[in-house]
> 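First the structure, which I've put down as structure tokens, then a few questions once you've had a look.
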Amino acid sequence: MTGKWRRWPFAAVFITAALLLIEALWIPVKAEMAQALMERAWSRVMRGESEARPWPWADTAPAGILELPERGIRQIILEGASGRNLAFGPAALNGVHQSDLVLSGHRDTHFRFLDELQPGERIRIQTTQSLREFAVTQFDIVDSRNRELVLDPSADRLTLVTCYPLDAAAAGGPMRLVVTALPLAAPDSDSRIARHYP
Amino acid sequence: MSTGSHSQEIRAGCPADPSIRDTLESDAWRRYPEFAHRRARLRGLPAGPDAGLRWHDRVLLILAIVLFAMILLRTETARADDFWGIELVSSTSQWNSMALETRMSVDVTGLVARVEVQQVFINQGSDWAEGVYRFPLPDGAAVDRMQIEVGNRIIAGEIRERQEARRVYQQARAAGQVASLLEQQRPHQYESRLANIGPGETIRVTIGFLCNVQWRDGSFSLRLPMTFAPRWDNHRASARIDPAPAPQLTVPESGHHRPLRLEFLLRTSLGYNSIESRYHDVDISLVPEGYRVALLDERDLPDRDFELTWTPELGAEPRAELLTWDGGDAVYAQLMLAPPLLEGLEPQAREVVFIIDTSGSMEGAPLNQARAALKNGLEQLEPSDAFNLIQFNSETEQLFDQSVPATDHHRALAREYLEGLQADGGTVMAPALEAALSLPALHGQFRQVVFITDGSVGNEPELLLQIAEQLEGSRLFTVGIGSAPNSWFMRKAAETGRGTHTHIGRLEDVEERMVSLWTRIRNPAVSDVCIDLGVDAEYYPEVIPDLYAGEPLWITARMPLLPREVFLCGQLNGQPWGLNARPRLSEGAEALATLWARKKIEALEDSIVYGADPDAIKSEVTDIALRHELLTRHTSLVAVDRTPARASDVTLGRASIPSLLPAGSTAASAGFPATATGWVAQVLLSALTLLMATGLYLFCGRRLPLSPSPAVDGTSLK
């Protein structure tokens with residue numbers, strides 16, 4: 001009799017923890033699955049379909065490809081860095097066709113490689129309009145509470161943003177890792193377009 | 001000791017059942033007090049002083065503390081501030097040099113201030129050095145003029161077409177000249193690099209920038225950051241130069257006070273209730289252009305920000321002020337329409353229609369912010385107001401068929417409805433806008449549509465057109481949610497809808513921003529404003545918004561000729577209203593032309609969205625930018641060596657480099673989105689919890705069968 005009532009809280013804790021575990025594991029699974037589905041949608045985008053939804057109830061469509069040839073990484077980029085988009089892939093903060101392109105991604109799914117990047121490493125961005133190649137030039141760690149990203153419509157560069165530190169225990173920390181890459185082929189790519197923050 | 005007394009003490013909380021078993025139990029407890037404790041704890045009875053926490057609670061608590069400490073330890077701190085002034089680097093050392101003298105002149109025309117700063121430095125080292133000049137800029141400032149004199153070399157900034165600027169730079173570099181670098185990437189800092197500063201040489205830096213005057217709570221204010229900052233950045237020096245030299249302070253001859261001279265010109269024809277300097281003693285005098293403000297103490301230091309606040313005098317009627325400047329080819333003008341005092345306005349009953357975006361992109365924090373903003377809006381309604389609530393994603397849903405009075409009951413219904421909102425589906429905005437704008441009109445009530453969204457749509461031109469067509473008497477106020485909403489669309493939508501745009505980036509800002517929006521729109525002073533600036537006048541904004549209590553309205557115009565009078569009309573308190581504004585010519589107010597050119601370029605660039613030819617627009621923008629010396633996407637500030645011709649001295653050569661300034665002062669910035677899911681931590685924590693729950697269960701399961709039989713316990717413990 002005493003044993004019976006004692007079992008209930010354990011069962012509750014057990015079930016809650018199991019549900020939480022499933023929910024947490026669903027995040028990386030979703031991240032991978034969405035990429036696979038969007039890869040198919042992307043081929044439809046490239047065939048000229050304007051609103052190629054990767055799944056019927058999606059509020060988003062693939063907008064481009066992020067490729068790191070040296071690492072064999074290939075990811076579909078989404079338009080608009082909303083929380084939902086970031087769950088599916090790296091997302092462009094202010095438009096994927098901007099010359100000052102800013103991509104953000106989750107540090108524990110798509111962008112977990114970000115702190116392993118080496119200066120000079122090549123990054124390729126493909127959109128429906130262009131194919132651009134960049135080389136990593138700069139790493140910054142900034143506090144998002146007192147810094148913002150300057151979006152400079154005249155700068156030709158790629159900025160990758162994720163949370164820092166990449167292996168922090170809890171989500172929602174204020175620090176960000178910002179990786180800047182400058183175009184490879186540009187004639188004056190050494191005219192310093194360093195990333196700064198207001 | 002007696003067995004009886006012990007058993008009574010232990011059994012205090014138990015149902016009395018004096019039996020042989022109890023006696024046996026109490027005997028075991030007396031001999032094995034540790035067992036007694038555990039038994040009592042398992043039954044949930046108090047036993048001893050530390051009975052409040054079970055051991056597994058303690059384990060959990062320790063785990064939580066460890067986790068919390070981990071989070072705290074991993075949080076990095078922000079970097080040190082930059083040094084303002086010149087940072088000099090020679091081959092052997094590095095030191096900072098503060099300005100010996102600072103002169104500032106500020107010329108305020110309406111909402112824009114033209115600031116010119118001149119600072120003088122000396123290279124007090126004994127070596128040739130390279131310098132980095134840094135100057136703090138106020139919010140939204142754009143540097144468009146610069147000149148640096150080092151010894152007898154002069155490097156001046158010029159606005160050039162972007163491609164040409166690049167060519168100039170590359171030529172210079174190919175010729176092996178030493179490049180000087182000129183940068184302004186962040187809106188809050190100006191930075192310029194100079195090479196080859198000789199020992200003892202004087203460096204004179206002049207920069208000019210435009211910045212916006214702030215309007216808040218009935219007053220204008222302008223805050224200019226100053227440069228005197230006695231802090232030294234040791235670790236930066238040591239990171240760059242090895243071995244690290246001790247930073248040298250450039251101590252000038254005794255009696256040198258690094259003075260600040262500041263002159264402020266307020267161009268106006270309106271009377272001011274007050275002009276106040278917050279941190280400095282100033283002298284205010286009346287001049288033909290308006291007011292002149294100067295520092296009282298000629299030897300004041302630039303060690304604190306300068307902030308000036310001026311409050312226009314409002315009357316019972318709206319008042320207008322028309323400042324003009326003759327640019328030769330045309331007359332440039334800025335019209336300020338000041339609202340009447342609040343007492344002069346009759347409150348108007350309104351119908352407020354809230355539209356909330358519940359598409360998938362609003363999931364999480366954005367929806368919470370939107371919900372908070374809307375709840376705040378509901379609270380601010382007057383009982384005489386009517387309201388309605390519409391949500392949309394792929395579908396549009398309307399809470400009430402017809403707008404209802406803002407009674408407590410209706411508000412409670414709306415709040416309940418808000419709680420149930422879920423973000424999912426696509427963003428189909430058109431039907432929601434149509435639903436709001438085509439609600440049956442309520443008699444005598446002024447419709448205000450408050451549109452809360454992140455604006456992630458792809459068909460902006462059609463939506464703007466729809467707003468223009470369906471607006472009629474309504475007004476549209478957009479509230480942008482999230483770290484990087486589509487602010488272009490929302491600003492334009494508000495402009496087309498004759499309303500205003502508010503951006504809420506964080507949940508903490510909701511209340512402040514919504515209250516400010518609410519105070520602004522609660523009291524429309526003059527609606528349906530029209531203006532007659534004469535034939536061929538070009539003015540911005542193209543759609544003139546309403547005039548609200550407590551906030552002036554600004555119109556920037558370019559006219560072929562100076563008109564004798566400008567006629568304004570509109571509706572005041574439901575009655576037709578009209579006013580004649582007399583222009584005032586102001587000498588040296590070329591900021592008016594700059595202001596107009598900025599608006600014109602903005603309008604031209606917007607027209608691309610509506611289908612104008614981008615190449616034609618580009619050449620037109622470049623044209624205007626070059627004529628008015630503006631930084632845009634197509635023009636750059638180039639440092640050109642203006643040194644008088646000398647013998648070909650290679651070390652004195654100066655190259656030019658395109659500046660990297662964002663287009664004009666429209667340097668947009670965006671917050672950082674949240675970029676962590678924390679799933680690993682959640683997996684670990686939930687797995688740990690699972691393990692512990694299993695462990696606890698197994699542990700207790702093993703003990704449970706033992707407890708009913710104390711005899712066995714007794715033996716096992718022996």
Side-chain angles (χ1 to χ4, degrees), chain A residues 2-3 6 10 13-14 17-18 20-21 23-25 27-28 57 59-60 80-87 93-94 104-109 111 141 143-144 146 148-155 161-165 168-176 187-188 191-194 196-198, chain B residues 67 70-71 74-76 78 162 166 169-170 181 183 185-189 359-366 423-427 454 456 482-484 633 657-658 660 662-663 667-683 685-687 689-690 693-694 696-697 700 704:
Chain A
T2 36
R6 215 166 275 151
F10 286 120
V13 170
F14 197 86
L20 280 171
L21 185 63
E23 188 197 52
L25 285 172
I27 292 171
W57 60 94
D59 184 27
T60 185
S82 62
R84 167 157 311 196
N85 278 355
L86 286 170
L93 197 65
N94 61 330
S104 13
H106 281 316
R107 62 164 160 79
D108 42 11
T109 57
F111 272 7
I141 289 152
D143 189 332
S144 64
N146 53 26
E148 290 202 315
L149 281 168
V150 178
L151 306 173
D152 175 354
S154 65
V161 183
T162 197
C163 283
Y164 186 87
M175 305 308 291
R176 297 287 183 277
D188 57 344
S191 70
R192 301 170 25 126
I193 314 186
H196 280 287
Y197 312 87
Chain B
L67 263 173
M70 261 163 64
I71 296 166
R74 301 293 299 195
T75 309
E76 307 276 328
R162 194 166 180 83
R166 278 181 190 218
Y169 163 65
Q170 274 169 15
L181 218 49
E183 302 180 335
Q185 301 97 333
R186 48 178 126 174
H188 292 221
Q189 176 180 317
S359 64
S361 59
M362 293 284 288
E363 194 188 3
D424 209 349
T427 310
D454 61 355
S456 58
S483 65
R633 225 192 297 199
I657 190 169
L660 310 159
S669 64
F672 292 90
T675 43
T677 58
W679 69 270
V680 180
Q682 193 177 334
V683 164
L685 270 177
S686 46
T689 318
L690 262 183
T694 317
L696 282 176
Y697 183 78
C700 298
L704 287 173

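In what follows, every chain begins at residue 1, and chains take the letters A, B, ... in the order their sequences are listed. Just so it is clear, the model here is predicted, and its values are computed rather than measured.
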> If only atom types and distance count, is the side chain of B/Trp679 paired as donor or acceptor with the main-chain N or O of A/Asp108 below 3.5 Å?
yes
> Which region of A/Leu25, side chain (C-beta onward) or backbone (N, CA, C, O), has a non-hydrogen atom less than 4.5 Å from a non-hydrogen atom of chain B, or is it both or neither?
both
> Where do B/Ser686 and A/Ala17 come nearest, in terms of heavy atoms and distance?
CB-O, 3.4 Å
> Could you give the distance from CG (A/Asn85) to CD (B/Glu363), rounded to the nearest 0.5 Å?
10.0 Å
> Return the CG to CD distance between A/Leu21 and B/Gln682, rounded to the nearest 0.5 Å.
8.5 Å
> Taking side chain as everything from C-beta outward and backbone as N, CA, C, O, which of these in B/Ala423 sits under 4.5 Å from a heavy atom of chain A? Side chain, backbone, both or neither.
backbone
> Between A/Arg107 and chain B, which part of the residue has a heavy atom less than 4.5 Å away: side chain, backbone, both or neither?
both
> May I have the step-by-step check of side-chain contact (heavy atoms from CB on, under 4.5 Å) for A/Arg84 and B/Asp424, ending in yes or no?
CA-CA 10 Å; A/Arg84 167 157 311 196; B/Asp424 209 349; 3.1 Å; yes
> Below 4.5 Å from any heavy atom of chain B, which atoms of A/Leu20 appear? Answer side chain, backbone, both or neither.
both
